[in-house]
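These notes are about the structure you will find just below.
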Amino acid sequence: MEFKTVIDFAIELDNQDPIKHYKTQFHFPQHQGKDAIYFCGNSLGLQPKNTEDAFITELRTWKELAVGGYFNGKNPWLYYQDYTKKTLAAIVGAKEDEVTVMNALTVNLHLLMLSFYKPTKKRFKIMMEAGAFPSDQYAVETLVKHFGFDPNEAIIEISPKQGEKILHTNDILAAIDSAGDTLAMVMFGGINYYTGQFFKIETITQKAHEMGAIAAFDLAHVVGNIPLQLHDWKVDFAVWCSYKYLNAGPGAVGGVFVHQTHANNIDTPRLAGWWGNDEKERFKMEKGFIAKANASGWNISTAQVFNTVALKASLEIFEQVGIEALRIKSIQLTAYLSFLLSQLSNISFEIITPENPEERGAQLSLYFHENGKAIHHKLIENGIVVDYREPGVIRVAPAPLYCSYLDVFRFYEVLKNNF
Ligand SMILES: *Cc1c(COP(=O)(O)O)cnc(C)c1O
């Protein structure tokens, strides 16, 4: 589509948007008495309007039924995690058996890495992208140390070529190849949080498997943003959080994918607790852990109902709209943002996120050579919520569920008219 730089064009795109009405299902932070424009859904998604009632329902169950809520509430708590499975499975391209929710992202990363990282003297290395999210770096660093390895030796970080910001798939594959049988695991972010680059999950997985390594992904920035096919791509395991594009609120319960080949095998090693135990046996309180033969076999503690309520509510919206429809809008919305930015000649910046829509999600990362902080400040002053990362990167993520073409145009106007 050919885009134009006039406001009427943005309004026309909104008129034609088949999923535009979903915007009205969210609460927006207020700026000078009006809804702010919110491009920070990659950090914390907005609150869906059905969230509050969902909490009230569970509070009432607790108030009126107390322990009875586990069995007799409107949504019996015993199975609370399971209510998220159907929609999550559709979003990540998994069988329902392969997904569960529990704990939080980094905790789950630790637990799953402990299941799948089986280092030997020869095969002990973990490969990740350089500049991965700090929590992931800390998790991998402390994991290899826990097994007595030196992080400098055991962790292979893939960096962009000199002078470049993003990784070439071929370079990732070549690095996996050259690590060969020293490689125990590839643990990549699905989308790098900083550059917005979406990695070729299937290709990386295939190559890792060729080398006999486990393929694992942190999908914090992907889930709810880009449709996935984790089952068909044969990813071994993946983890994500629910408070970014999934709009489940601060610190909401984390998500986990374990491929059927491992999830259905109750002998796959794990650190266990009673909630992952075969349900028929759970309340017998007997010795000897028997895993559920699915991803829920990794559950450890009692379902965290109040940490899952908002996810359950939010997924009702995803169920209605469908991840494919979201992605179609998202590709165009972000392309429109990219087009408008390319029309600006009054400020100096580069878009470090890949140009190719197949290599990015909603987010564009703009690197300002100077005045990044001042520009960020001006945007906030104008009621546009974006975030700023040193040294000069503003990340802009128009989430297709609640951002419009007009929102994107307003962003462009602020940059055009203030500098
Ligand atoms: C947001 C994010 C996290 C956050 O982890 P928590 O355990 O939920 O605090 C971790 N990794 C990546 C890649 C992220 O984007």
Side-chain angles (χ1 to χ4, degrees), residues 39-46 81 84 88 91-92 99-114 126-143 155 157-158 166-167 172 185-201 204 215-226 228 230 235 237-257 271 298-301 304 306-308 310-311 314 352-353 359-365 385-390 393-397 399:
F39 291 147
C40 241
N42 57 342
S43 190
L44 180 72
L46 291 180
Q81 288 148 304
T84 64
L88 278 179
I91 289 172
V92 302
V99 294
T100 188
V101 293
M102 59 190 201
N103 316 311
L105 196 169
T106 311
V107 176
N108 292 335
L109 181 58
H110 275 298
L111 291 171
L112 272 292
M113 288 198 304
L114 280 169
I126 301 181
M127 181 174 294
M128 60 199 304
E129 86 267 29
F133 196 86
S135 202
D136 298 23
Q137 293 185 38
Y138 305 150
V140 173
E141 174 195 334
T142 53
L143 177 81
I155 302 172
E157 287 192 336
I158 312 292
I166 59 175
L167 290 169
I172 300 171
M185 187 186 295
V186 174
M187 209 298 290
F188 252 67
I191 287 179
N192 180 270
Y193 78 100
Y194 187 76
T195 64
Q197 179 176 14
F198 177 47
F199 297 111
K200 299 260 185 273
I201 293 177
I204 293 172
F217 293 88
D218 178 337
L219 301 174
H221 279 263
V222 190
V223 172
N225 180 11
I226 301 178
L228 297 161
L230 297 182
V235 167
F237 76 85
V239 291
W240 60 88
C241 53
S242 309
Y243 48 80
K244 291 175 180 168
Y245 292 97
L246 288 182
N247 310 318
V253 71
V256 169
F257 166 89
L271 297 182
W298 272 262
N299 294 163
I300 295 181
S301 292
Q304 300 155 275
F306 286 98
N307 225 5
T308 311
L311 176 62
S314 167
I352 61 176
T353 308
E359 291 180 65
R360 69 184 186 204
Q363 172 187 331
L364 293 183
S365 302
V385 184
V386 289
D387 78 5
Y388 178 80
R389 299 281 159 130
E390 292 295 349
V393 169
I394 294 179
R395 301 186 305 164
V396 190

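Whatever order the structure lists them in is the order used to number ligands and atoms, beginning at 1.
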(Q) Polar contacts were defined as any N/O atom of the residue lying under 3.5 Å from an N/O atom of the ligand; does this apply to Y193 and ligand 1? (A) no

Item checked: Q197 side chain to N192 side chain, donor-acceptor N/O pair below 3.5 angstrom -> no

Do F198 and N225 have side-chain heavy atoms sitting under 4.5 Å apart? no

Are the side chains of E157 and Q137 in contact, using a 4.5 Å heavy-atom criterion?
yes

Atoms of ligand 1 under 4.0 Å from any heavy atom of Y243, numbered from 1 in the order shown, are 1 (C), 4 (C), 5 (O), 6 (P), 8 (O), 9 (O)

With no hydrogens and no angle check, do the side chains of T100 and N299 hold a donor and an acceptor under 3.5 Å apart? yes

Near T106 (heavy-atom distance under 4.0 Å), the atoms of ligand 1 are 5 (O), 6 (P), 7 (O)

Between L88 and F257, is any pair of side-chain heavy atoms under 4.5 Å apart? no

To atom 1 (C) of ligand 1, the nearest of Q137, K244, H110, E129 on a heavy-atom basis is K244

So the atoms of ligand 1 within less than 4.0 Å of a heavy atom of H221 turn out to be 15 (O)

Just checking, K200 and F217: is the charged tip under 6.0 Å from the six-membered ring centre and within 45° of the axis? no

re atom 3 (C) of ligand 1, the protein heavy-atom contact at minimum distance is F133 CE2, 3.4 Å

Logged contact type for L105 with ligand 1, heavy-atom cut-off 4.0 Å, is both

Counting heavy atoms under 4.0 Å, the part of D136 that contacts ligand 1 is side chain

